[in-house]
Number of protein chains: 2
Amino acid sequence: MTGSLHPPDTHPFVRKMESIALFPLSREERAALCALPMHVARFDAYQDIVREGDRPSRCFALLEGFVAAYKTTPSGKRQVMAYHVVGDVPDLQSLHLKVLDNSIATVSPSRIGFVEHDALRVLFREQPKLLEVFWRSTLIDAALVREWMLNIGRREAYTRLAHLFCELITRLDAVGLAPERTCAMPMTQPELADALGITPVHVNRTMRDLKAAGLVTVRGRRLTVEDWEGLKAAAEFDPAYLHLRSEDGAKLPTS
Amino acid sequence: MTGSLHPPDTHPFVRKMESIALFPLSREERAALCALPMHVARFDAYQDIVREGDRPSRCFALLEGFVAAYKTTPSGKRQVMAYHVVGDVPDLQSLHLKVLDNSIATVSPSRIGFVEHDALRVLFREQPKLLEVFWRSTLIDAALVREWMLNIGRREAYTRLAHLFCELITRLDAVGLAPERTCAMPMTQPELADALGITPVHVNRTMRDLKAAGLVTVRGRRLTVEDWEGLKAAAEFDPAYLHLRSEDGAKLPTS
DNA sequence: CGGAAATTTGATTCAGATCAAAATCAGTGG
DNA sequence: CCACTGATTTTGATCTGAATCAAATTTCCG
């Protein structure tokens, strides 16, 4: 609504899909993506965009900001399943699952573009190869959740937090938002606690340990990796599960 | 290879897809599913069918038995991401993700039907609506992992185990394998430990508590629910995340 | 400058881990 | 049918990573 129109190649949504596709998008495909009718809205931080139990008739793309997919226990405990970065379509699943099984909330002020399911169905009819890209996108999201589950189920807090930082940096780098291994990190410590399956107090202590080890620094909602190799080692981080194509493995070299 | 040919309506694979589809399958669609060229093989318990890092050119359907999708930490800790029941296609994701990000192993002796990716692509070209069913199937798998993650991240051992039992019974019931709320449960306690993110010793103690509470009994690889309402309550179990259609919510009534 | 939120630190407790050993069970072959 | 063997399951004793409770600090904004 406000702000500039994105030329096709910098439209965050298109950019993301290009980063996911296993083949280069044709001009027509890119144009079709850009032409998707999208209703743009802004959200403050900590607002639910969709809620568990909703039966949405549209999806949304994250154009700016951060959102978290989460579920809660009847007793009110909260578990973040995944963070989503610019370009993601966090509730794409709603296209084939009638009722949402998780909520999605903003973590920082965000710009959201809503797209009707019907518009996507038309898109897929017109550009069948894009369907594969979107399907692939949901599969990658699932892969992230699986790695996260290994993290929560089988690693101790220190490793978990390191792993989360590695993932954030790598994913943001893939869309150009983590130059020099530094990135926005709007999550508060209680937020991180919900993502890691631990308590806020323990997040604080774990963070202190990561800083003390010289791996990262955090100042003013911004994360900076001071020792990438050390952080990766502490995190047991192997980016294969992110299913990024080619270069990103190389872009963050091993030595 | 041995055994009877399944008539279309009892072929476990077709049955599963019918249980997932949001619309009744046409005769042609069912026939096309049955006609999928499938290479059938048998596996003993505790065999890897596919391994993390593989680049498969085929998927497999579970025709008989149980399999577990899992990942491991470099230090050898193992986390089961999901159990799969008869009719599932546990590595359907490999259709669009080149390299597998988890391994899948048998939990009990199993019969497996391998299907070439190309055969699926042909199927989808011929029967486009089946593509949606398969996509939906991968989305449901993802939903199960999310619920499992809430389980592991935010519930204590007792609740976790109860939840796992509820899920097993409900899913097996959906394919006719849990009459009277009793079902095969071939997982050993160390296996369950890997699924719940706890230790085998603690599984044993937690199981003892569930039995002592009169909720379940286990004898000879078979789980029997003695108090379904009690178990559901202990588990905070709400089957919505399974995305079963209609009746199954009703089939296991609340009172 | 003031007030609310977020971070940090300390003291104590607990769910679950770890270590170790017994008891039970399931096959297997004689 | 039983004795033997290895795999499970069960029980006990002890330890620890993370939770809980509580109280400062610091940071962020209007």
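Reckoned from all heavy atoms, side chains included, excluding hydrogens, waters and symmetry mates. We name chains A, B, ... by the order of the sequence lines, and we start the count at 1 in each one.
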Results of side chain to side chain contact (heavy atoms under 4.5 Å, CB included) for B:Thr199 - residues two or more places apart only:
B:Val201, B:His202

Heavy atoms only, 4.0 Å cut-off, all strands: where does B:Arg219 land among base, sugar-phosphate and nothing?
nothing

Could you list where the contact with chain A starts and ends along DNA chain C, reading 5' to 3', using a 4.0 Å heavy-atom cut-off?
C:dA6 to C:dA11

Using 4.0 Å as the upper bound for N to carboxylate O, is an ion pair formed by B:Arg155 and B:Glu147?
yes

Quickly work out the A:Asp44 CG to D:dG30 P distance and round it to whole Å.
12 Å

Salt-bridged, A:Asp91 to A:Arg58, with N to O below 4.0 Å?
no

Under a 4.5 Å cut-off applied to non-hydrogen side-chain atoms, are A:Ile112 and A:Gln47 in contact?
no

Between the main-chain N or O of B:Cys59 and the side-chain N or O of B:Ser94, is there a donor-acceptor pair closer than 3.5 Å?
no

Flag side-chain contact, heavy atom, 4.5 Å: A:Ile169 against A:Phe237:
no

Hey, what bend do you get for the helix from C:dC1-D:dG30 to C:dG30-D:dC1 if you fit axes on five pairs at each end, rounded to 10°?
50°

With sequence neighbours left out, write down each residue that passes side-chain hydrogen bond (donor to acceptor under 3.5 Å, both in side chains) with B:Asn102, or none if nothing qualifies.
A:Arg146

Rounded off to whole Å, could you give me the CD-to-C1' distance for the A:Gln189 and D:dC28 pair?
15 Å

Quick one, give me the B/S/- string for nucleotides 11-27 of chain D, reading 5' to 3', where B means a protein heavy atom under 4.0 Å from the base and S means that only happens at the primed atoms, P, OP1 or OP2.
BBB----SSBB------

Just by modelled atom types, is the A:Tyr70 backbone N or O under 3.5 Å from a matching donor or acceptor in the A:Gln79 side chain?
no

Could you list the residues that satisfy side-chain hydrogen bond (donor to acceptor under 3.5 Å, both in side chains) with A:Arg51, not counting sequence neighbours?
A:Asp48

Is any NZ, NE, NH1 or NH2 atom of the basic residue among B:Arg181 and B:Asp173 found under 4.0 Å from an Asp or Glu carboxylate oxygen of the other?
no

